[in-house]
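Here the structure comes first, spelled out in C-alpha cells, and everything after it is commentary.
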Amino acid sequence: GPRKYLIGGNWKCNGDWDASIDRVTMFNGCGDIPANVEVVLCVSDIYIPMLLQSIRTDIAVGGQNCGVNKSCGACTGETGSHQLKAIGCTWVIVGHSERREGFGMAGETVGLCAEKCKVALDNGLSVMFAIGEKKEERENGTTMDVCASQLAPLAKILDAKDWEKVAIAYEPVWAIGTGLTATPEMAQETHKNIRDWVSTNVSPEIAEAVRIQYGGSMKGANAKDLLAQPDIDGGLIGGASLKDDFFNVINGVP
Ligand code: 3PY
C-alpha cells in the first residue's frame, strides 16, 4: 500500500518479569523485519525500562495507556505521557476498548480518550488511537456511527500536524479476546468508511496518509488476508504478540 505498515503488539497485563524477558529474547532471535513495516510493542509500564534496554532496536516500545494531564505530579497511580516520552517510549495506545469499558470501574469517555491523545501528542509521543463497535452495535447497523462518535472529539481538537503522529486502530470489540475476527471484507469495508469519514471531517490529504490498523484476534493465520486489503495498514495484536506468531503477522504484510 501507499502507507508504511504499522504492527503494534499489545501485551496487556499478561505474564511476569521472567516471561517478559523470555519474550524479548525470543523476538531478538526472530528474523529481519521487512523495510515497509514499523513495529512497536506496548507493554506494562513496569517492563518498559527492561524492553528499552534489551529489545532489538528495530522494535519501538510504547505504553498501553497514559494520564490525561500534560505534566501532573499529583496523579497517584497514573503514568504521564511526559514520563513515557522521557524514558524513551515513542508510542502509546489510547482508548483501547478495555479502558473505555473500565473493568467494572467508570470507563474512559470519548472526550477523555480524545484529550489523552492530544496531550500525548503534545508531549511528543505517537498515538495508536483505538476505536470500534460492540457486537450489538454491529448487529444494529450502527458501526460507523460509533466509530464516528469516537473520532469526532478527536477531530475537533487535533490540528493537521498532530495527525501525522496518529494511527487509528480499528478494533471491533466483539473480536477482542474472543477468537472471532472480522472477515477481511468486513474489516476492509469499515476501514474504508473510517477513511472516508476522515476525508470528510478532517481532510482528504490526512485521510490518504493516516494509517488504519486492524485489531481483534489478529494472528499469523489471518494476518495475510487482512493486510492485503487496500485500507488495512497494519494491526494491533493482542494474544499473538506474546508469541513468535507475532513475526508471522509482521511477515504477513504484502
Ligand atoms: C486483541 O487483539 O484482542 C486486542 O485487543 C489488541 O489490542
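Residues take their numbers from the sequence shown, with the count starting at 1. Remember, it's 1-based here, ligands and their atoms both numbered in the order they're listed.
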Of the non-hydrogen atoms in [X] and [Y], which two are nearest, and what is the gap between them?
X: E171; Y: A130; answer: OE1-CB, 4.3 Å
X: C89; Y: G62; answer: SG-CA, 4.1 Å
X: N248; Y: G220; answer: CB-CA, 3.7 Å

Run the numbers for me: atoms of ligand 1, each under 4.0 Å from some heavy atom of [X], listed by number.
X: S217; value: 1 (C), 2 (O), 3 (O)
X: K12; value: 1 (C), 3 (O), 4 (C), 5 (O)
X: G216; value: 2 (O)
X: G177; value: 3 (O)
X: G238; value: 1 (C), 2 (O), 6 (C)

Quiz item: Should the proximity of N10 to ligand 1, defined as any heavy atom under 4.0 Å, be assigned to the side chain, the backbone, both, or neither?
Solution: side chain

Self-check item: Protein heavy-atom partner closest to atom 6 (C) of ligand 1 - residue, atom, separation in Å
Solution: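 Among all protein heavy atoms, the one nearest atom 6 (C) of ligand 1 is E171 OE2, 3.0 Å.
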
Practice problem: Would you please classify the geometry between the H191 ring and the Y170 ring as parallel, tilted or perpendicular, with 30° and 60° separating the classes? | Solution: perpendicular

Quiz item: Taking both backbone and side-chain atoms of G239, is any N or O found less than 3.5 Å from an N or O belonging to ligand 1?
Solution: no

Practice problem: State whether the side chain of S44 and the backbone N or O of K12 hold a donor-acceptor pair below 3.5 Å, judged by distance alone. | Solution: yes

Self-check item: Geometric cation-pi criterion, R99 with F129: 6.0 Å, 45°
Solution: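 Here R99 fails the 6.0 Å and 45° test against F129.
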
